[in-house]
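Residue numbering restarts at 1 for every chain, and letters A, B, ... go by the order of the sequence lines.
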2 protein chains.
Amino acid sequence: MAIRQKTSRKAAATAAAIRRPRARATNGGAHAGDDIGLDALVGHAGYAVRRFQLWIFQDFIRTLATVDIRPTQYSVMTVIGANPGLSQMAVAKRLGIERARLVHLLDSLEERDFVSRIPSATDRRSHALHLTARGKTALGQFKRLAAEHERHVAEKIGKDNRERLLQILACFN
Amino acid sequence: MAIRQKTSRKAAATAAAIRRPRARATNGGAHAGDDIGLDALVGHAGYAVRRFQLWIFQDFIRTLATVDIRPTQYSVMTVIGANPGLSQMAVAKRLGIERARLVHLLDSLEERDFVSRIPSATDRRSHALHLTARGKTALGQFKRLAAEHERHVAEKIGKDNRERLLQILACFN
DNA sequence: AAAGATTGTTGTTGACGACAACAATTGATG
DNA sequence: CATCAATTGTTGTCGTCAACAACAATCTTT
């Protein structure tokens, strides 16, 4: 056995090499592998949230693919647009992303002329973040597409369920 | 200006270098930077879910830190424990993770003697995944800790809200 | 003026999702 | 039965992301 493996894959089959395939055979059964039963897995909030998070991000990226904007970039531009002059620390703290990460995010947004770092007049360490004129009009389009994405969410889980979800998770800002 | 930066950071302040700090000054204001106002950001399901996802994973990792088990590892062991003999493809499809990624996950779980890959009797390509005896008892402990984590979630968002959340997200398996 | 904290930056690490390739094997088709 | 397509596990790469650690420049405090 285990002829294929190059060098890795420890001696997994040393002891207990032969075993009966138990109740459910390896696969090939009657079902297409969709009714496996996760038992204790359903009932775990983290698991459900992970799947949802995955779906929702993919839909966001797909919906905003034409403008090439990802969820984090959108959130950064939204916060800056609503609060011009914010420092990087303030934005990072507000969005729950690290200031180290925000540096690269702002780099790309500045390259595309959506955001500009203006040296703060009061603190020579920090930058006052502003949307450029181009960034403002672009954000308008992003918001329309984001609203379309939000409609996709409502279609998926139900309009009222979406409202309820937002209400439940409101405590995370 | 811009003395500190080594070589990067384009000429961001070429035009419109001087600007009034608008309504809200850079920072240093009266507030500690917590009441910034995200306007359009609240009302976005993706944003709320991201924050929640982050919080919940951190709590899971912290709660299971003593046994050094991460959420994905836990989900893999749970599914295998509930459905012994499953192939890697079946587990990957069930959990929505790539089979390429599952390889490494199983490698680590096999190194720790929690899971064993047993060559399938019917399909010489695939492996039948089983928990080892050690893995079974370990999973029992993991589940107790995971239940504790789930209680943390209930404390955070409310017991009934957690139930409602699970019900809303049930459509994502 | 000196000590400590803050801000932006750079770098590294590790988990993770997405993709592409590959060998071994199976299944279906002619 | 021979051949070709599909599947399974594996390896590798790429890009995103969170978490740290370090650093220079700058503020704040004493």
Side-chain angles (χ1 to χ4, degrees), chain A residues 1-9 12 26-28 32-33 50-51 53-55 57-58 60-62 68-73 75-76 86-93 95-108 110 117-129, chain B residues 1-9 12 26-28 32-33 50-51 53-58 60-62 68-76 86-93 95-108 110 117-129:
Chain A
M1 65 204 64
I3 321 127
R4 192 182 342 146
Q5 292 82 346
K6 304 290 159 61
T7 55
S8 53
R9 201 81 324 106
T26 305
N27 48 1
R50 173 183 160 268
R51 300 296 296 247
Q53 153 90 290
L54 217 54
W55 183 90
F57 266 55
Q58 285 173 346
F60 187 100
I61 295 172
R62 198 182 322 127
D68 190 30
I69 285 290
R70 308 192 30 106
T72 316
Q73 298 175 316
S75 69
V76 169
L86 236 46
S87 73
Q88 300 188 190
M89 260 309 287
V91 171
K93 216 184 302 180
L95 291 176
I97 62 187
E98 283 194 60
R99 61 186 203 273
R101 167 138 185 67
L102 189 58
V103 172
H104 302 296
L105 283 169
L106 289 175
D107 283 353
S108 72
E110 211 172 21
R117 293 186 244 223
I118 299 177
S120 166
T122 63
D123 189 337
R124 301 215 326 252
R125 291 172 303 179
S126 69
H127 296 157
L129 300 176
Chain B
M1 65 203 62
I3 322 128
R4 191 186 340 149
Q5 292 80 346
K6 308 284 159 63
T7 56
S8 53
R9 203 76 330 105
T26 306
N27 46 3
R50 174 183 160 271
R51 301 295 296 247
Q53 153 89 292
L54 215 54
W55 183 90
I56 210 170
F57 266 54
Q58 285 174 345
F60 188 100
I61 295 173
R62 198 182 323 128
D68 190 30
I69 284 290
R70 309 193 29 104
T72 317
Q73 298 174 316
Y74 176 76
S75 69
V76 169
L86 235 45
S87 72
Q88 300 188 189
M89 259 310 287
V91 171
K93 217 183 301 181
L95 291 177
I97 60 186
E98 283 195 60
R99 61 185 203 275
R101 167 133 188 71
L102 188 58
V103 172
H104 302 295
L105 283 169
L106 288 175
D107 284 353
S108 73
E110 212 173 19
R117 291 186 246 222
I118 300 176
S120 166
T122 63
D123 189 336
R124 305 220 316 260
R125 293 171 301 180
S126 68
H127 297 157
L129 301 175

Subject >> Under 3.5 Å donor-acceptor, B:Gln88 side chain and B:Arg99 backbone >> reply: no

Subject >> By side chain to side chain donor-acceptor pair (under 3.5 Å) - contacts of B:Arg51 (at least two apart) >> reply: B:Tyr47

Subject >> Inter-residue atom distance A:Gln53.CD - B:Leu54.CG, 0.5 Å rounding >> reply: 9.0 Å

Original post:
So which heavy atom on B:Leu95 is nearest to which on B:Ser75, and how close?
Top reply: CD1-OG, 3.6 Å

Original post:
Does any non-hydrogen side-chain atom of A:Ile97 lie less than 4.5 Å from one of B:Arg50?
Top reply: yes

**OP:** Going 5' to 3' through nucleotides 15-21 of chain C, assign each nucleotide B (protein heavy atom under 4.0 Å from a base atom), S (under 4.0 Å only from sugar-phosphate atoms) or - (no protein heavy atom that close).
**Re:** SSSBB-B

**OP:** Classify the side chain of B:Arg125 and the base of D:dT7 as holding, or not holding, a donor-acceptor pair under 3.5 Å.
**Re:** yes

**OP:** Just jot down the salt bridge (Lys or Arg N to Asp or Glu O under 4.0 Å) partners of A:Arg62, sequence neighbours excluded, or say none.
**Re:** A:Asp59

Original post:
What integer distance in Å separates A:His104:NE2 from C:dT10:P?
Top reply: 7 Å

**OP:** Examine D:dT26: is either OP1 or OP2 under 4.0 Å from a nitrogen or oxygen in the side chain of A:Arg124? Give yes or no.
**Re:** yes

**OP:** Using whole Å, report how far CZ of B:Phe60 lies from P of D:dA18.
**Re:** 19 Å

Subject >> Closest listed nucleotide, where the reference is the side chain of B:His127 and the choices are C:dG8, D:dG9, D:dC27 >> reply: D:dG9

Original post:
Does a side-chain N or O from B:Gln88 land closer than 4.0 Å to OP1 or OP2 of D:dT7, or not?
Top reply: no

Original post:
Rounding to a whole Å, what distance do you find between A:Leu102:CG and D:dA18:P?
Top reply: 11 Å

Original post:
Please give, in whole Å, the distance from D:dA18 C1' to B:Arg62 CZ?
Top reply: 14 Å

**OP:** Using whole Å, report how far CD1 of B:Ile56 lies from P of D:dA18.
**Re:** 16 Å

Original post:
In whole angstrom, what separates A:Asp123's CG from C:dG8's C1'?
Top reply: 11 Å

